[in-house]
Amino acid sequence: MYKTHTCGELRATHANQQVTLAGWVHRRRDHGGVIFLDLRDRYGIVQVTVNPDLSKESLDAVSNVRMEWVLQITGMVQKRPAGMQNPKMQTGEVEVIAQSVKVLNRAKTLPFLVSGENDLPDENTRLKYRYLDLRRERMTHNMILRHQVVKFMRDFLDQYNFVEIETPILFKATPEGARDYLVPSRLYPGQFYALPQSPQQLKQLLMVAGMDRYFQIARCFRDEDLRGDRQPEFTQLDLEMSFVQRDDVLALVEQLYTELISAITPHKRLLSSPWPRFSYREVLERYGTDKPDLRFGMELIDVSDIFAKSDFRVFQSAIEAGGVIKCIVAPGCAEYSRKEVDALTESARALGAKGLATLAVTSEGLKGTAAKFVTPEEAEAVKSKTGAQEGDLILVAADQRAVVNKVLGGLRLIFRDRLDLADPNMLAFGWVVDFPMFAWNEEEGKWDAEHHPFTMPQLDDLPKFETNPGEILSDAYDMVCNGYEMASGSIRIHRSDIQLKVFELLGLRGDEIEQKFGHMLEAFDYGAPPHGGMAPGIDRLVMLLADEPNIREVIAFPKNQTGRDVMADAPSEVEPKQLKELHIQIRE
RNA sequence: GGUCCCGUGGUGUAGCGGCCUAACAUGCGGCCCUGUCAAGGCCGAGAUCGCGGGUUCGAAUCCCGUCGGGACCGCCA
């Protein structure tokens, strides 16, 4: 072994012990005679004091040392002299008086500083030198936090009889849903494996196999564009249970998360426990999105009835076209300048609105772009229904229901950030249930599965397959937190007749069903138990727990937004020989 | 595919039509210094301002294009 102790563990209790440490030079302070080296490893930093009476060999080594060189140091732990302690350091009561210093490896001048958390370089530079970026305390902390989260999940689920089972990474292309990553087959020219978008089918088949309770820390792959909260490969806690109903799954996951957070990030507070539940319809009406940030109010308020007979053309025509008029109240924003209101209108347009009406509540009555069209009665009605006070700004959108919800839901988040309405240490978990089973695809003129085609329709709605598929609700559910979709799951179909009905409604032909899902239908016919499950995203959870603004900060080696690994420079071209073996020809 | 924003020594910023022969901090090289902990002091090297074109007497600065990056929309069963 190169070391007897870690840099981070030394305390006053180690005083007068001889220790050998190995680590990186975090900082170096050369006073001409005495030299201080802050030696760092994953566990922490300790001050090493090099006095001028060392062997020449060691002194020569120290005189050349630069930041991030790798050293092995043997020395005596000593309590620091009175007044010399550093309360900012965990090891600040002691220092190691060097007896020998050996350079294990040198380091070139770094592209950026590992020490110091400010002045971070451009993210691509960090990603290119990710192995250096990960040396930073914050990143090391994020990686360890992630480990703790996953470890907690494993231990918890083990306690409740779950079995961790690995499923294949090389699997079969699924026709619907996200774009697949394809892997060409060498042995079967023209044929492809696909990387799993999730282990959905496999975990259901494990239920058919009688595993009863399964989980996996599962890597999933989707070839879609990236976002701050979306990577092409991501990790989810994939879990599935037999003989359960919706509330059994929700209760288990809620308990897991509640215990996990109090164990691992006790400084985080849950907004409410038990978590609130909303129907899909309700959450859209109140927050304008199916993944609401519940940490603050500013809910969407329907004022269609108040303005049903308004003289304002915009309101009139929205109602006539079957739309709605809704608003949100921005507290204390009545004094917004023309420029600020214009910027908000621009944001509303970007979200799909044709425009945005504003009503500022002032001591002299309503002002703003829509004020002159509002009668005194309407003004009173709006103030009373919204509870808007003097000094508030009411933002009104009139359009089709879906557009209005989206626009106001988006503006709500803009105000959250601008007015600091959401407490970063609050975790506002909630459940969204009763999703519609199908959504009409306007472009292709067919029904799409809102969740996925294996989701169980609510049994009361089964007759609607023939009459009104759009109204069928499913037994699907989402976990949301602070404006993110944290998990989604469902009770699954376990009967082949219902599964077939769903495939047919989705417009799949008989031969297609057989070719793509024959194995599922056949399995259901061999005694599939009722089952359901859920797949919470691990990247997003750790991101929230670590107070990071995007999931790249909690993934060791993420892709940048353009989908590249800038460290290894992937994707990259391959040798012609490889392509030939895979029966692939590149078209220019 | 779309909208918006960004691109100046190794790194982070300033400069936003002439004071720029590009400033500051940090890092880097050298010298001094025995108690600092973002050590300090002195000296020095290092950028033709992403790239190409245009406007102008004059461009890091204005315009167009392009490349790279970020945020968001589409997309993400």
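Below, read A as the first sequence line, B as the second, and so on, with proteins coming before strands; counting in each chain starts at 1.
- With both ends at atom C1', the span from B/C20 to B/U8 equals 12 Å, rounded to whole Å.
- A straight line from CD1 of A/Ile35 to P of B/C37 spans 16 Å, rounded to a whole angstrom.
- Looking at the side chain of A/Gln561, the nearest of the listed nucleotides B/C75, B/U36, B/G70 is B/G70.
- Comparing B/G1, B/C72, B/C28 by their closest approach to the side chain of A/Asp225 singles out B/G1.
- Distance from the side chain of A/Pro111 is smallest for B/G10 among the nucleotides B/G10, B/G70, B/C76.
- The side chain of A/Lys406 approaches B/G74 more closely than any other nucleotide in the set B/G70, B/G35, B/G74.
- A/Arg80 comes within 4.0 angstrom of a base, heavy atoms only.
- A/Met84 places its CE atom 8 Å from the P atom of B/G35, with the value rounded to the nearest Å.
- Summary of the strand contacts: A/Asn560 and A/Pro453 both lie near RNA chain B, and taking for each the nucleotide with the nearest heavy atom, the more 5' one is attributed to A/Asn560.
- Annotation: B/G15 and B/G9 have their C1' atoms spaced 15 Å apart (nearest Å).
- In the set B/G69, B/A39, B/G70, B/G69 carries the atom at the smallest distance from any side-chain atom of A/Asp122.
- Under the 6.0 Å cut-off for aromatic ring centres, A/Phe524 and A/Phe517 do not qualify, their centroids lying 6.0 Å or more apart.
- Relative ring orientation between A/His452 and A/Phe454 is described as tilted, the plane-to-plane angle lying within the 30° to 60° band.
- When each of B/A38, B/G35, B/G27 is scored by its nearest atom to the side-chain atoms of A/His31, the top-ranked nucleotide is B/G35.
- Rounded to the nearest Å, the gap between the C1' atom of B/G17 and that of B/C5 is 23 Å.
- At a threshold of 4.0 angstrom between heavy atoms, the contacts of A/Gln231 with the nucleic acid are absent.
- Spacing of C1' atoms, B/U26 relative to B/A38, comes out at 10 Å, to the nearest Å.
- Using a 4.0 Å heavy-atom criterion, one finds that A/Gly228 contacts the sugar-phosphate atoms exclusively.
- Nucleotide B/G7 has B/C67 as its partner under the Watson-Crick or G-U criteria, with both atom distances under 3.5 Å.
- Nearest to the side-chain atoms of A/Phe36 among the listed nucleotides B/C72, B/C76, B/G35 stands B/G35.
- Atom-to-atom, CZ of A/Arg227 to C1' of B/C73 comes out at 7 Å; the value is rounded to the nearest Å.
- Remark: A/Glu485 does not engage A/Arg540 in a salt bridge, criterion side-chain N to carboxylate O under 4.0 Å.
- Distance A/Trp69 CH2 to B/G27 P: 17 Å, rounded to the nearest Å.
- Comparing the P positions of B/G70 and B/U55 gives a spacing of 34 Å, expressed to the nearest Å.
- Here the side chain of A/Thr49 is nearest to one of B/G69, B/C76, B/G35, namely B/G35.
- Distance noted for atom C1' between B/G46 and B/G29: 11 Å (whole Å).
- Of all nucleotides listed (B/G69, B/C33, B/U36), B/G69 comes nearest to the side chain of A/Arg564.
- Taking atom CG of residue A/Asp478 and atom C1' of nucleotide B/C76, one finds them 13 Å apart after rounding to whole Å.
- Ring centroid separation for the pair A/Trp440 and A/Trp447 comes in under the 6.0 Å cut-off.
- Between A/Arg138 and A/Glu548 there is a salt bridge, since at least one side-chain N of the basic residue sits less than 4.0 Å from a carboxylate O of the acidic one.
- With a cut-off of 3.5 Å on both Watson-Crick or G-U wobble distances, the partner of B/C33 is given as none.
- Using C1' as the reference atom, B/C32 and B/C24 are 24 Å apart when rounded to the nearest Å.
- A/Glu224 and A/Arg230 are not joined by a salt bridge, as no carboxylate oxygen comes within less than 4.0 angstrom of a charged side-chain nitrogen.
- Within 4.0 Å (heavy atoms only), A/Ala449 reaches sugar-phosphate atoms of the nucleic acid but no base atom.
- Side-chain nitrogen and oxygen atoms of A/Lys88 include at least one within less than 4.0 Å of the OP1 or OP2 phosphate oxygen of B/A38.
- Looking at heavy-atom distances under 4.0 Å, A/Glu95 makes contact with a base.
- The distance between atom CD1 of A/Ile551 and atom C1' of B/G70, rounded to the nearest whole Å, is 15 Å.
- Taking atom CG of A/Leu226 as the reference point, atom C1' of B/G69 lies 13 Å away to the nearest angstrom.
- A/Pro52 comes within 4.0 angstrom of a base, heavy atoms only.
- If you check B/U26, B/G70, B/G35 against the side chain of A/Leu113, the one that comes closest is B/U26.
- For A/Met89 and A/Arg552, each mapped to the nucleotide of RNA chain B holding its nearest heavy atom, the one lying further toward the 5' end belongs to A/Met89.
- A salt bridge links A/Arg28 with A/Asp30; the closest basic N to acidic carboxylate O contact falls under 4.0 Å.
- The pairing partner recorded for B/A23 is B/U13, the criterion being a Watson-Crick or G-U wobble arrangement whose two distances lie under 3.5 angstrom.
- Between A/Glu68 atom CD and B/C28 atom C1' there is a gap of 15 Å when expressed in whole angstrom units.
- A salt bridge does not link A/Arg27 to A/Asp38: none of the charged nitrogens lies less than 4.0 Å from a carboxylate oxygen.
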